[in-house]
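Notes for the one structure printed next.
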Amino acid sequence: DIEWACTATPPPQPALSYELVTSAQRANEIAQGLQEAPYVGLAIKTAGQLYEPGFSVLAVSLAPAYSDTVYVWPRESMEGLVFKPLKKLIQEEDLRKAIHGAKGVIAGLSYGLGLRLRGLWADTQLWWRLLDTYCSGELSDLGWQEGLGGRQGSFEAELARVSKIVAAERHNKGQRNLMGGGGGLLPKCPPGTTAALDRGEPPEKFLYSVMAAHEVQRHSAWEAMVTARVASSLEVHLSRAENRYLYDNAWQTVLRSTCETIAQVEAWGFAVDRAAIEHYASFLSFRLGELSTRLAATGLTEPSNNIQTARYLTDTLKVRDLPKTASGVVSVTAEVLEGLVPRFPELGDLLEWRRLSKLSSSYASSLLSYIRSDGRIHPTFHIGGAATMRLSATDPNVHSIPKSSNSPEAMMARSCFVAAPGCVLLEFDYNQQEIRVGANLSGDDVMAAIYGNLLKYELHVFNRFG
């Protein structure tokens, strides 16, 4: 079976039928027909960075349930009489929408088109996570399951083509001044493309605007079609008796409204003090320089190099019987170094260098690159991003900002985040979050009473069972 799976020719992917909506008359006809659909799969393609000038919606696709046709509004149809029926459909509460990654689509429609999505019925990404918390969450994987394949080959080829060109232009821009010369693809990308790509952000959201329009439109149609079909399959699983509580309690009660709430939190973002961040970066750079000089005097010239650190321990400090990793390399983890500090005090400088280096890379110079044109940071929050279904954050990870009580440097990191004029900052903790939600969703009177009286659940259990 394995040999067959590795060598067999995959079945041909079914043809994708989509219609570009470019006339007001046709838009009205389609809108009228979609009103009768049980639900529609909705997908959008955007270019640029949310909450930044130059962000735009390139395509909006609607796939009616149990149909083989998808309707695509291209960028040129995002205004006037052609756009009006689409606007009504998106904001129609009675038209149920299935979306893969609803939070991102809600944000894109709001910022890119000024529309508030109504009628969210399904987020296939979150539905899948509810049924399997360890799933990839990728629409391409669901596409294979529905017989629609992963990303279309020509789309991937087009993305690779423009990625190669833009990479070459970024490499040569200092010599050719491409950004100012008007030639090539990079000048046509949304503002901030170079800085975002230098940070390692996914290139798709910046390069879609310079890809062949028909490829972007076709892929948008494919996403809408897969989402519509996947929603139907996942609904069957969620409607089973053993999974019904996931739909009623987790999705209907919590997650559905969370999509719009988190999108709004992202849009608000956080105010930061640029001058404080710059001062913080300079301070950490100075302290790291001091520590590097002291370490170099003892024989460790590259504290960031684990191989050199291992040799420093064995050859310079003559440490014996050091633990090794599974691959047989000497372990230089913080735990190992902390155990050696009483015998070798100079290793305290190495531990301090590592601590400050992490603060510098995470909350100093890198933080400056995330400040948008409005002077705020707009991190991306991932609903159910962790295996435990907790919220996670990236670009930057604002959840991992060190507590101010940990050290003066950590307090300085927190002081870079400020309140807008007339506002104050509030701090919340996830303390016992999951068990508190469980108490609410389970309807357990005892648990509800414990938390209603602001008591500790563990203390109650201890008092009861000793």
Side-chain angles (χ1 to χ4, degrees), residues 49-52 103 107 192 195-196 198-201 258 261-292 303-304 333-335 337-338 348-383 385-386 388 390-434 436 454 456:
Q49 199 163 34
L50 270 168
Y51 320 117
E52 282 290 278
K103 186 264 299 179
D198 288 341
R199 287 197 302 267
E201 295 193 29
T258 298
T261 301
I262 297 301
Q264 182 60 67
V265 171
E266 287 184 358
W268 286 333
F270 303 96
V272 292
D273 186 333
R274 181 185 289 271
I277 297 175
E278 292 173 345
H279 176 75
Y280 183 48
S282 298
F283 169 77
L284 290 178
S285 178
F286 176 77
R287 288 283 291 118
L288 287 168
E290 284 185 327
L291 292 168
S292 295
S304 62
T333 63
E335 183 180 3
L337 297 178
E338 287 168 358
D349 283 342
L350 176 56
L351 287 168
E352 180 69 357
W353 186 94
R354 287 185 175 183
R355 185 180 71 85
L356 295 183
S357 178
K358 183 177 181 179
L359 287 174
S360 177
S361 62
S362 301
Y363 308 110
S365 55
S366 65
L367 202 57
L368 290 169
S369 66
Y370 289 109
I371 300 177
R372 306 289 183 86
S373 57
D374 60 0
R376 303 173 72 85
I377 289 175
H378 297 267
T380 299
F381 292 100
H382 306 278
I383 303 173
T388 58
R390 271 193 175 187
L391 197 69
S392 65
T394 57
D395 306 325
N397 183 5
V398 291
H399 283 169
S400 64
I401 300 171
K403 294 182 179 180
S404 57
S405 59
N406 288 355
S407 68
E409 293 83 9
M411 184 180 294
M412 292 176 68
R414 291 216 160 202
S415 67
C416 295
F417 293 84
V418 298
C423 300
V424 296
L425 291 179
L426 296 178
E427 183 172 335
F428 295 90
D429 194 281
Y430 280 168
N431 182 32
Q432 300 182 330
Q433 180 192 42
E434 286 86 355
R436 289 174 183 270
L454 302 179
K456 290 284 187 179

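Every heavy atom of this structure was used, including side-chain atoms; hydrogens, water molecules and symmetry mates were not. We number each residue from 1, following the sequence as shown.
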Please confirm whether the backbone N or O of [Y] pairs with a side-chain atom of [X], one donor and one acceptor, at under 3.5 Å?
X	Y	result
R372	L50	yes
R287	L356	no
R376	G269	yes
K103	T258	no

Nearest-0.5 Å distance, [atom1] of residue [X] to [atom2] of residue [Y]:
X	Y	atom1	atom2	value
E201	Y370	CD	OH	6.5 Å
E352	L288	CD	CG	9.0 Å
S360	L367	OG	CG	11.0 Å
N397	T380	CG	OG1	11.0 Å

Go through the steps to decide whether V418 and V272 satisfy the test side-chain contact (heavy atoms from CB on, under 4.5 Å), and finish with yes or no. CA-CA 5 Å; V418 298; V272 292; 5.6 Å; no
Give me each pair satisfying side chain to side chain donor-acceptor pair (under 3.5 Å) with a member in residues 270-286, each pair once, sequence neighbours excluded.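 Residue pairs passing side chain to side chain donor-acceptor pair (under 3.5 Å), neighbours aside: none found.
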Ignoring hydrogens, what is the shortest heavy-atom contact between [X] and [Y]? Give both atom names and the distance.
X	Y	result
L359	L284	C-CD1, 3.9 Å
L425	F417	CD1-O, 3.5 Å
I262	F381	CG2-CB, 3.5 Å
S366	S362	OG-O, 3.2 Å
A419	C423	CB-O, 3.3 Å
P379	P396	CB-O, 3.6 Å

Would H382 and T394 count as having a side-chain donor-acceptor pair, cut-off 3.5 Å?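 Short answer, yes.
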Classify the side-chain pair S407/R355 by whether it contains a donor and acceptor separated by less than 3.5 Å.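 Side-chain D/A pair, S407 to R355: present.
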Excluding sequence neighbours, so at least two apart, what forms side-chain contact (heavy atoms from CB on, under 4.5 Å) with S369?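 Per chain and number, S369 pairs via side-chain contact (heavy atoms from CB on, under 4.5 Å) with R199.
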side-chain contact (heavy atoms from CB on, under 4.5 Å) assessment of I371 paired with I277: CA-CA 11 Å; I371 300 177; I277 297 175; 4.1 Å; yes
Please evaluate residues E338 and T333 with respect to the criterion side-chain contact (heavy atoms from CB on, under 4.5 Å), reporting the C-alpha separation (whole Å), side-chain torsions for both, the decisive distance (0.1 Å), and the verdict. CA-CA 9 Å; E338 287 168 358; T333 63; over 6 Å; no
What's the verdict on side-chain contact (heavy atoms from CB on, under 4.5 Å) for E266 and T261, showing C-alpha distance, side-chain angles and the deciding distance? CA-CA 9 Å; E266 287 184 358; T261 301; over 6 Å; no
Between F270 and H378, ring centroids under 6.0 Å: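 No; H378 has its ring centre 6.0 Å or more from that of F270.
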Within the structure provided, determine whether Y363 and M412 are in side-chain contact (heavy-atom separation under 4.5 Å).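 Side-chain contact under 4.5 Å: no.
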Is there a side-chain contact between S373 and Y51 in this structure, where contact means two heavy atoms from C-beta onward sitting under 4.5 Å apart?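 With C-beta onward as the side chain, the pair stays apart.
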